[in-house]
A.B. asks: 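The structure follows.
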There are 2 protein chains.
Amino acid sequence: MKTRDRILQTSLQLFNDYGEPRITTNHIADEMDISPGNLYYHFRNKDEIISLLFQQFERQMNAALQAPERRVPNMEDMWLYLHLVFENIWEYRFFYRDLDNILSRNKKLRTHFRRILERKVNTAAAICKGLVEAGVMHATPEEIAALAQNIAVIATYWLNFQSTRASAARSNDSDSNNLALGVYQVLSLVAPFLIDEARELLRQLSREYLT
Amino acid sequence: MKTRDRILQTSLQLFNDYGEPRITTNHIADEMDISPGNLYYHFRNKDEIISLLFQQFERQMNAALQAPERRVPNMEDMWLYLHLVFENIWEYRFFYRDLDNILSRNKKLRTHFRRILERKVNTAAAICKGLVEAGVMHATPEEIAALAQNIAVIATYWLNFQSTRASAARSNDSDSNNLALGVYQVLSLVAPFLIDEARELLRQLSREYLT
DNA sequence: GTCTATATAGGGATAGAC
DNA sequence: GTCTATCCCTATATAGAC
């Protein structure tokens, strides 16, 4: 594996584990057993590392958000789809942990991240509209507008909320369950607008996927 | 006004405007036209300033969260009550902007903030339960559990979400409206579980308070 | 590509005079 | 209570040898 890629990989792991602000370029070099000078041969500065990681994240997130835009999804589609979104956030969670801080240092990142948020809201609204038209959901346009925003907020901050709320140290065990919990929380936003059969389906899914 | 209080006041303002990580003790002293040494006469370190500000915040927030625990509130009670919570968060928003970062440096703060989150969830659940018993709301215990958590997430992160999402610089104008918007978003979580009259009341309130 | 050595800058914090 | 001067430390980043 090329040094450049190892730097990215190591940075991502350290950022996720300890938070981006606390991890210096020296820490990254130390962890890899290379010299700080070597790191700066591969990257102009720390910001370039972060930007590269963001590009990876953005690519994956766009792919994830694209999937359901074609057809009206059923409940299980939505569950799996949301899980993909949460997995993505989890993989690059350092970003969400210090969102304001990181975005305030890089205008391009700010713009791109904003675009992702917009897309989240719009995708959520589009899906809801599709469900209404398919007769699976009952909601006014105003209700859908508010709902779509709430979906985006929960999908964006759920993992933050959980890690702040959790008292124990971040155990690997609770992680995967937290993702499923996030999916459940988002779908429980939608549930009250659904017809009975769809609601029953959701109940089954949560029994199946939630440990 | 005593220097000590001016330090707290100035710190709060600078933290809110630029983010706590970017504001050094020197910045604070500069802004006040006092020397860094003087600042350190009044506070052992930056962390002590933050802790004091947190105490102020915690006191106000506890007062705000206490109010509705006595009796079942009507819709307008809830609107005003939520607005108080949002005002509080807004006043100490620097805290929410770099939550993980700040809490990771101070164990006591972490504990206390966690307590506030717990209380938010519990208060929300208690209110919902009261509404169900009063016959204004229809929801199962499982629905209430999920709903209470979603309420807490939106109430905690809505302002973050809005400021990240907004493209323009933080204008003073949009602020107060954002608070009302947050209240609306939270109440729109509850709305689908309410009986028709209560829902209609909410619609009226949002027309009244939302510009 | 990688290393060692080092420059530069800034933040946190203290000592001691006034 | 307040100031000036200063120390220590750490982080980013570069220069130049190998």
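None of these values were measured; they are calculated from a predicted model. Below, chains carry the letters A, B, ... as their sequence lines are ordered, and counting in each starts from 1. The basis for the numbers below is simple: all heavy atoms, side chains too, and nothing from hydrogens, waters or symmetry mates.
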A.B. asks: Does the side chain of L202(B) come within less than 4.5 Å of M78(B)'s, by heavy atoms?
C.D. replies: no
A.B. asks: List the protein contact pattern of nucleotides 4-18 of chain D with one symbol per nucleotide (5' to 3'): B for base contact, S for sugar-phosphate-only contact, - for none; contact means a heavy-atom distance under 4.0 Å.
C.D. replies: B------SBBB----
A.B. asks: Looking at V121(B), is its backbone amide N or carbonyl O close enough to the side chain of Q149(B) to form a donor-acceptor pair, meaning the two atoms are under 3.5 Å apart?
C.D. replies: no
A.B. asks: Donor-acceptor pair, R97(B) side chain versus N101(A) backbone, under 3.5 Å?
C.D. replies: no
A.B. asks: Separation of M1(B) atom CE from dG1(D) atom P, in whole Å?
C.D. replies: 15 Å
A.B. asks: Which of residues 2-9 of chain B sit near DNA chain D, with a heavy atom under 4.0 Å from it?
C.D. replies: T3(B)
A.B. asks: Look at the rings of F54(A) and H112(A) and say which category their plane angle falls in: under 30° parallel, 30 to 60° tilted, over 60° perpendicular.
C.D. replies: perpendicular
A.B. asks: Tell me if a side-chain donor or acceptor on R165(B) pairs with a main-chain N or O of E118(A) at a distance below 3.5 Å.
C.D. replies: no
A.B. asks: Rounded to whole Å, please give me the gap between CE in M32(B) and P in dG1(D).
C.D. replies: 13 Å
A.B. asks: Look at the rings of Y157(A) and Y157(B) and say which category their plane angle falls in: under 30° parallel, 30 to 60° tilted, over 60° perpendicular.
C.D. replies: parallel
A.B. asks: With respect to the phosphate group of dT2(D), does any side-chain polar atom (N or O) of Y41(B) fall under 4.0 Å of OP1 or OP2?
C.D. replies: no
A.B. asks: Do K46(A) and E20(A) meet the salt-bridge criterion of a basic N to acidic O distance under 4.0 Å?
C.D. replies: yes
A.B. asks: Between atom CE of M32(B) and atom OG of S11(B), what is the distance when rounded to the nearest 0.5 Å?
C.D. replies: 7.5 Å
